[in-house]
Structures are given as structure tokens and as C-alpha cells.
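First up is the structure itself, then whatever we jot down about it.
Treat the numbers as computed from the prediction; the structure is a model and nothing was measured.
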Amino acid sequence: MLRLNFSCIDLRGCVNFISVSLPTVSLSLFISFHLFLPSCPSLPHTLYLSPLSPPPPSSCTKLGCAEGGCGACTVMLSKYHHHSVNGCLAPLCSLHHCAVTTVEGIGSVAGKLHPVQERIAKSHGSQCGFCTPGIVMSMYSLLRNNPTPRMADIEEAFQGNLCRCTGYRPILEGYKTFTKVRPHKHTLSVMQHPEDETSVFPAPLYNPADFLPLDPTQEIIFPPELMSLCKGQSSQQLRFRGERVLWLQPASLDQLLELKTQYPNAKMVVGNTEVGIEMKFKNLLYPVILAPAYIPELNAIQHTDEGIVFGASCSLTLLGDVLKEAVGKLPSYQTEVFTSIQEQLRWFAGLQIRNVAVLSSPLRPSVCRCLFLAVCLFLGGGERVVVMDEKFFPGYRRTILTPEEVLLCVLIPYTKKYFAAYKQSPRREDDISIVTSGMSVTFAEGSTVVKHLALSYGGMAATTVMAKNTASRLLGKQWGEELLQDACSSLAEEMTLHPSAPGGMVTYRRTLTLSLFYKFYLTVQQKLASEVRNTHHNYLHNMLLLVTRTAVPDGQKEEDVVGRPMMHLSAMKQATGEAVYCDDIPLYENELYLCLITSTKAHARIQSIDTSEAESMPGVVTCVFAKDIPGSNMTGPIIYDETVLAVDTVTCVGHIIGAVVADTQAHAQRAAKAVKITYQELQPVIITIQDAITHQSFFQPVRTIQRGDLDQGFTQADHILEGEMHMGGQEHFYLETNVTVAIPRGEDGEMELFVSTQSATKTQSLVAKALGVPASRVVIRVKRMGGGFGGKESRSTTLSTVVAVAAQKLKRPVRCMLDRDEDMLVTGGRHPFYGRYKVGFMKSGKVVALEVTYYNNAGNSIDLSLSIMERALFHMENSYSIANIRGRGYVCKTHLPSNTAFRGFGGPQGMLIAESWMSDVALSLGLPAEQVRRLNMYMQGERTPYSQILDHITLDRCWDQCLEISSFNQRRAGVETYNSCLRVINIFLFVYTFQAGALAHIYTDGSVLLTHGGTEMGQGLHTKMVQVASRTLGIPSSKIHITETSTNTVPNTSPTAASASSDLNGAAVHNACEILLHRLEPYKTKNPKGCWEDWVNAAYFDRVNLSANGFYKTPDLGYDFETNTGRPFNYFSYGVACSEVEIDCLTGSHKNMHTSIVIDVGNSLNPALDIGQVEGGFMQGVGLYTLEELKYSPEGYLFTRGPGMYKIPAFGDIPTDLTVSLLRDAPNDKAIFSSKAIGEPPLFLAASVFFAIKDAITAARKESGLSGPFRLDSPATPERIRNTCEDRFTKLCPPAEPGTFTPWAVVV
């Protein structure tokens, strides 16, 4: 089977079309009807998002992963119809006579927004905005084909798009207004309780009636010039020769066969969904590419008596549409195969991939073999028809096709037997399968005796395997319980895997072969009993969503925007692609590009570095190593314990050794791969926490917090329980990777850097340190980030320093934006944690003693790991009052890239382990977990283990309200009859703050330019600061502008982190504005009837300073670990969540059915932004606790380096029923305008999903006769869920004994 993939491209223009002429082989690009003539020697293997010369006029389309997995690069391709595609995989040469529409081509802020752009902005569906252009174009492509879609259509359109910020709810809600069925009025509403607490009035976050209507007649037409070019050129063969690749696009089957004979080893490319990945990430090169996308015979569809014949270049979308139509017309007994393929297609990749990938690519061989499809192969001498059976795939990614043969078509037959296909993957949507299966059975006439049985499995070997022995053994047997037992026993013997098999999860994969057969067995049983029921659900389009808040006080002036759901200031620019990110800055004259050289060993001595081949490559200017650093090579956010560039020794895979600087990104990346480094490997190689414990490899100090008498507490306890838990790390997966542009200013060592960083001041100081100049010579500028989440607080500084060193060495501007796989490799993420605990408790469930020990995996440097461990210790009891407690924390030094800050900063790890022992207490006593949690909750005035007294506690109110709005008791009663469970989790989080500055200028026209020390990464910080300034100055927000964050306007700032930025910078902005108001007060008094502009001009002519610096520091903070005294936190945030899940005990999959959240944010500065933070943080937590899993080899190599293997939550992972409530009447007098921090607290509330899953597993284990506490590590992946639901199938597939094999991946 050949993988023939249709391709498309985005040319970073509004409406683009391409013309290719022969024989001169020139490429003409029409971008917004402007002609561009790129001169690109590597044209045959150039992708859309590769730089062109001259560059296109804008960069609206974003590059998020370069493998078609995130959707940020989505554009609309038009030729015979409209469809969305991934620009990052689209070969430039494939766009002959195609029109491409990108996001700024459909609307602009200065002109007119398209309704698609307007609705995502006004419904608060854009935060960091980096994913927004791709989401807009996915929706736009859908509407071009279907102006009144169903909600299910919208869900399908977004299967290939990811968002790390919003939690998806506001995007779906905004676009739900395009559907025929309008949302319920409360779906977009919030609650307010002005007087009567029992009354509820809608207070909308936005008004759908204000949206522009969609008028399909006003859409952009297909370019007339392109239509004229298409005439008479359909039979023309295209040929492009580049410096490394020859691209051939035949127009007929005869031409294809001729070329195939001439180039038998040529790679066939249609959609580039496979070859593009191989060339990008596997460094493969195909000298000759054949592109047969438009050959008529390969696109033909024929309906025959046996089934439907599809040409080999038919896209998967077309395949699905044709099968769907057939299912609607034909009797159901004929279309079981069609239905199964449709279901498999639904979960295969995203729509952008399915629109260009072709029939040969994705139909899992396990399904195809079971179908025994007829495949027609074409050779110069004629056709050959073969059956896609067990002989069709002789090896990994190999078929029986000869080099000269071409796959012509595939016959998908009508159903002649019972058939089913299954796919199990970590994430249901757009994910690579773990195990797939296709199964069919035929019975003897008039009986249920097995006449023929085919069982095919993918994921159990290098190629798909048929369970021949099992199938043969079951022939002639009655379809019943005895057959099931024999089948499972036989499959357990036949479907074996070596414990070290690539991909790991060996026990799980083996168990799945039995579980999937059991599913097939039940399906056939139901059909035999005529009890067929449709189990396919579209959960999202039935979702109920309700967000609640307190309305603004009566009498608040309309121009006072504090407390109102003001739209994110950049939302519209982000929706049109006009928002400028760091890499969108136009190229400077003489600018160069940098690519990192990184280590391939975890712990080794560098013996030699050979750059001769790299330096001889085209475009290479220089290589940069440690010897080129004029200042200090030591770096680090707190302790300088790591190097900018490795000198003699590398201490992790991904350790930065040097860099190549070239004229283009492609040349730099190619040269970096050509640098040859030899190593002498060193021992020990410490990868996991257990390795660190064995070798006693710890950073110092070891932190301890203790209160009470632990021995007395355990003596007092009725029961003592011990346990342990591991919690995995998490990749930040900000959509915009780390990027820096460094511009040397030519005198006095001055350097200006545009950086995507949360920590401008720290970047400034470390760059200056490496350059050997004072910090005053270095200016850091941050416009906005495409997400951060802590990952750009300290780890971004190393890249910035390397780029700055290269720029200073060459005296030329240098740019670097890391590819997704590079970023994931070198930057680190959330710390994995391992916890051991001993709990003493009474018969009632009251905990009286706790001893807990934490270990975190810091990686190869201390970074912020000690502070993160301290934060985990501050959370060791979560929200529970324990009289006798001791926590100890060890920071493990390992040979992994240094882990760093991540939303929650140690809190999510510390609290999850706390909830684990609380869950164990409830399980051991047989008491409801919510009863035990409520019994142990903190009360007003109690003291924490670190001796801080709790005041203004709202935890009990959050708890009671959450139980009420979730209908907890009714849900608890309802789940008893289903395999689903409910769990309530409560939290309290601390906010500690530092210092902040602000600068405000009032100009003579009355406009205000505001600058502060915080950075904008999607959280709406700039928006809130404008709201604060607007209220303080008493002027409309439209008069206030924030342009960027820079170190030459506000110095010595704290990182934008720890949920403290609104508190800190808001107070500083307030201070600056009050100073200005004080200066204007005499003129307001003198002219009370004047306006703002009058007072400003009067002050100006009176020579009053209209510029002011503001400053704020959090008062009375400090804590001493040695004496356990002080006040470490300014105030506390509280929240409670209740979640209901449904698990599949056979596969380990789960569905998030319901979540209710109540959270205390004080008096919200902006409820729309705060609710967005709650939902976004919650979904990030869902990923942390149930889905996202970093996989390292025993040698420290990271396998999960992109969305292909690392799965963050998608649109389909949000709860079917979601309620978010901001606690009312809970002002906080310790922060600006009585607000509270919101960025980090919501994340841990997703632990309610984790413990609901654990509850459901408990019910499943009970059916197998198992009871009491059990260990469930995080994340609760399908593998862990299935393996913990022990039953007769898991007993047939026991795991290998540890130590008897080398695992494919290790738990770090």
C-alpha cells in the first residue's frame, strides 16, 4: 500500500493563488491579488511556512508544531471545492492553480471583521491568540461549504485544532451562534443576586444580538485570473528542479507510469502528511518526488455490485462523505463495513489532514486485513488485482508493491458477515492508536456456529498481525461464553510482546487484544439477539454550559469598566492575524538565523567537535561555542549552576553545546545536523527519581516543615495507613515556541532583544552577564507571548543569551525560533513528583497525624526547583486541618533537561498527593470521601503547618455552593447504577508577591500611554491594567494604550508568574495614576465643568509633569524554614470542584460527563477574563492528571517531542456539562480593588476528574472482589485505568518481573 497524500499550502497572504509555467519553471504567487516572484533554489521541497524570497507581506498564519498536529497553521484551499488544510505540511509546488485564503484575507480591524473573526473575539474565545488564526480558518472553511452547520459539524471542523489557553468552551459557545439551533439564554449568561438570593437574572458576558450576520453572498470569489489560467492546462506535466530535490507532477496515468519506470525509487506524495514529517523530523531526503494528485483515474469513484471502488488519490474526507451517503441509502446489513470505516475516520487525525490524506494512508492495516479489500495495482503491462490480506504487508511500512507498480484503486466491499473495527488511543480525537483491531465472523447457515473468523490487530508487532491460531481454534464452535473463554486464553498465548517492545505499555496492549475481542463478542451477541443499539454519542453538541458571577454594584458608572466582562484588548487583532508576535517582526537587513547544536547523550564528556562539513554548507556564516562568549558562561535564574553553552561535559540529552548561524533557517538547521560530536559516556546516568534516591543525588538543602507532636499523633490514631504515589511531569506546550531576535546597536556594547519571555529583567541581566556589559546596555522588549504558563520564566533566558552572543560576535541581527521538537527537548517542564506518606486517623475519618516525604525530579540544574519543592510542602495538607504534621522535600539532581516553573508551581503536585492519602483514608474506612473531606476541612482562625493563621476563609461557602449547583446528592445516587463516579475536590492556594513598577504618560490630547512590569501572554493582564487605570483616572478605557513591556521603561521587574501580576502591577498602575490625579486636582477644582482634556492642557501649560512612576511591594512578607515562623503568603484563594466521569473498564478510556466549579476570586476585575482563566486552567489540569504523559528512554531521550506523541486536551475532552461560578460577596482587602489571583488556582480543580476516575475504578474492582486502598499514579491514562481495573483479562496478561528486562520508557 502506498501512502499518496494530496497537498496544499498557505502563502501567508490573504487570498493567494499560484501559477506555474513551463518550460522556464517559474513560480508566480498571487497574494491578495499582488504578484510575487519567489526565487527559492529549494523550491521542490519548500513548504508554505518556509521563508520565501521576497517574503510575503504578512505572517498571519502561525507555525505551532510543523507536523499538522495543532492546527495553528490552518488555511483554506480552494480548487474544486473549499477545505481546510495544514500550511505547515504543504509543499509549495503542489499548489498549481489553487487558491489559498488565510485569516487576514477575510477581514481586518481597520476594515471590517468577518463574522467568524468577530464572534471568537467577542465571545472571549481568544487569550494568547496564537492558535486563533487557525481556529478562525477552520470555522471559515466549514461555513464556506455549509453556512448553517450543526454543532456536530463544528466539532468535526475543530478536531485538528488545539488551544492551550481557553479551555475551548468560549470558542464553541461563540461559534454555536452560527448553528440553526440557538443556545439557551443561560448558556452564555452569568448569575447575579442583587437582593433576593433565590432570584437569578441573566447578566451576559456578551450579547449575541450584537454579532454581525453571516452573509454567504459576500464571500471572496475564486480568482478570475486563476480560472483563466486553468483552461487548457489540465494535461500539462509540471517539473521543478531544486538544489536537492526534483518535483514531478504528472497529469495522466500514462505520464505517471512512464515516470515510475524512469524513477522506480521516487517517493509518491499527494498530501505530504507522511513524507513531510519524515523530511522534517527524520532528516530523510527524497531526491525525486512524484505528485499524482490530479490524475483522473486515481480520483475516480465507482459503485459496483461488490462495493465501492475508490481511486488511490481520493481524500479521506471524500471517502467518508461517499460512505456516509451510501449508509443513508442502502440497507444496514450491507453497510456495516462502511459504518465502521466512518467511525474509524472520525477519530483519525484532524479534518485538515483528512482533507488531503488519501485512502492508502490511514485505514489501519488491522482493519484492512480483516476486510480483505481488493486492491488494483497498475504496471506498464497492465493491471494486477491483489487482496489486502496478511501477505500484503511483508514488513514495517512495506507492501507487496514492486517499485514500478502504482496503486490504482481500492474496493471497499459491502458487508457479507458480522464486522467491527476498534481503535484505542491515549486521546480519542486526532491521536495515534495504541492498538487497533478489525474483526469479522461468518456463521454456518441458520446457526451461530463459527464458519469463518478473522481477527486482525495493529500495534502488536512491526506489522499488523492476524490471530490465526485463535481463529482456527474457534472454528465450528458455538458463539457463546465457552467460545469467549477459549478465545481469551488463546489470544493471551498468541498475542505476546517482548517486555522491551517499542512503544511500551506491553501489559496494556496485550490486555487490549482480549478486551477488544470481548467488545466484538458482545456486539455480535447483541446483533444476534436483535438488540443492536447505537452507542455513538456526540457529547459536545449536547453540552450544557453555565458561568456565574456577581454583577457590578448598582450605581456603578457605565464608563467604569472594573468588574465588567471587557473583551481582551488584542482579541480582534488576534482573530484577524494582525497581532504581532516576536517572530512576526519583519526581517532586518543582513539578518541571520541561528540553530542550536544539542547533545545526544545524557551524561558524557565531549571529546571532539567537527564543524568542517557544516561550515562548508551553503549559507553558513559561523558556528558559536562557549569560547565565543565574551562575558560569563555561567547562568541560572537564582544560582549560577549551569552553562550557557556546554564546555567539556554534557549532563542531559538536549544540553546546548553550540549553534550554527546561517542566512536562512533551512540552511542553519541542515548545517546543525551536520556537526559531528564524539563523546565519552560517563556513569552513572541518573534519569528517574528512583535513580536519584539510589545514588543519593540531591540538591541542597533538604526542606522540612513540622508542627505538633507526630509520635503522639500516631499513638492517638485508631488506624495508620502508609502509601506512595508518583505524579508525572507536563510539557508547557505553549503554542508559540521560544523565540528571540537580537539586534546589536553598534556602539557601547548596546543590544536590543525582542523576546517571548515572562521575565524581561532576568533575561536582561543574564544576557548582559554573558556579553560582559552592564545591564543598562541591554534592552529587552516583549510585545506579547503565544502562551507561557511558567515555561518562559527562566528557561527562555538561555536561548536569548545564545542568540545575543551570536549577534554580538557577527555584529548583525540574529533570530531564532525553536521548532516544537527542539523546544520540548531543551526547555524542561513541570516537575515529576514522588510522594511517600504515613497517615494516622480516627474511626470517624478525622486525620490526626501525617508524615509525608516529597521527591521532585529537578533535572541537571537547580533552576527554580527548590522554590517549587517549598511550595509543594506549603500545600502538603491541602485544605485539611491536621494537628500533628511533618513534611520533608528532596530535590533530585538527574541527567534530564532542567525542569522549571509551571502553572501551580509545585502546588498541584503537593495537593494531589494530599488528596491521594485522603482518598485512601476514606477507602480504608468505607466512608464516602466527601464526608471525610468535609470533616477535616480548615475552619476560620485555624493555623497552618507553617504557622500562618487563616482569616477570611471562604472554603466552606465554596464547598456548600458547589454541592448545590452540581446537584451532588442526586448525581451520587444516579451513578450507583452506572460505571461512572463523582468526586468533589477542594483547594486553597496561596498568593505571595514581590514588587512591581509602572509608568504612565498623559499626552496633551488626553490620551494615556501606560507601561508596567508585567508581560502579556494571553491572561489579559494588559486589559486588566487598562481597567485599573480607567477607574483610577476616571476616563474611558479607549483613551488608554499599552504598547509593550520593556526594561528601558520599567526596570527591575518581577517575572510575570505566581498568579501575582494583577495584584502587583495593578497596585503599581494605581499608584502612578493617583500621583497624576493628585497633580491634576488643582485644575479640576479650578474648572469643575471642564473635561479631561481641559485639565490636562491646563496642567501642561502650567508646566506640570504629566508623567509618573508607580511602585508597589507586598507588605509584611517573610518566612524562616529553620524556625517555622513568619508570614509567607499575602492571602489565600479557595475553590471547590465536583466532577463526574464514565470509564470504559475494558479499554481504560473515560469521558468527562460533568464538572461544577466554585472559586473565590474576590471582586473580579474582569469576569470574562477570570472565567477564561478558570476554564483554561481546569482543562490544563485535565491534561496533567488524565492525559499528558512525557516518555523518556532509560538513556534519557525524550520520545514525546510533538503533538504526534504528546497529547494535550482537545475540544472533545471538555466536560459535557460544565458550570463555573465565581463566589459572590467575598471581597479581598489585600489586593487591588478587592480582587484575587486567578491564574494558577483553577488548575488543581481538575484533580476532581482524577479522583472521580479513581472512584469508578474502585467500583470496577469491587465487582472483581477487590476492596480497600490501591495505588493510582498520575496521569490516569487509559493504560493505568485499564491495568488497575483488574479482572480475568488482566490476569491472563501479567506484567514481566521488574529487573528482568530493559523497558522502552521509564517513569522519571
Could you tell me which residues satisfy side-chain hydrogen bond (donor to acceptor under 3.5 Å, both in side chains) with [X], sequence neighbours excluded, listed by chain and number?
{"X": "T1155", "answer": "S1139"}
{"X": "E870", "answer": "R703"}
{"X": "Q159", "answer": "R354"}
{"X": "S1156", "answer": "H1154"}

So, using side chain to side chain contact (heavy atoms under 4.5 Å, CB included) as the criterion, who are the partners of [X] when residues are at least two apart?
{"X": "L721", "result": "Y837, F841, D920, S924, P1269"}
{"X": "A1276", "result": "F1250, I1253, L1272, I1281"}
{"X": "Q690", "result": "T688, I693, Y834"}
{"X": "V891", "result": "F699, N856, A858, I862, S865, L866, M869"}

What residues, two or more places apart in sequence or in another chain, satisfy ring-ring contact (aromatic ring centres under 6.0 Å, His included) together with [X]?
{"X": "F1289", "answer": "Y518"}
{"X": "H732", "answer": "Y734, F902"}
{"X": "Y890", "answer": "F698, Y855"}

Is [X] salt-bridged to [Y], cutoff N-O under 4.0 Å?
{"X": "E736", "Y": "K792", "result": "yes"}
{"X": "R972", "Y": "E930", "result": "yes"}
{"X": "R820", "Y": "E67", "result": "no"}
{"X": "R836", "Y": "E722", "result": "no"}
{"X": "E1240", "Y": "R903", "result": "no"}
{"X": "K519", "Y": "D1144", "result": "yes"}

task: Report yes or no: does K1151 contribute a side-chain atom to a donor-acceptor pair with the main-chain N or O of V1141 at less than 3.5 Å?
output: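 It does not hold such a pair.
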- prompt: Would you say the side-chain atoms of N1152 pair up with the backbone N or O of I1214, donor to acceptor, closer than 3.5 Å?
  reply: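 No, because the side chain of N1152 does not come within donor-acceptor range (under 3.5 Å) of the backbone of I1214.
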task: Step by step, work out the side-chain hydrogen bond (donor to acceptor under 3.5 Å, both in side chains) result for R1261 and S1267.
output: CA-CA 7 Å; R1261 289 168 61 87; S1267 61; over 6 Å; no
- prompt: Can you name the salt bridge (Lys or Arg N to Asp or Glu O under 4.0 Å) partners of R510, sequence neighbours left out?
  reply: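 Salt bridge (Lys or Arg N to Asp or Glu O under 4.0 Å) list for R510, sorted by chain: empty.
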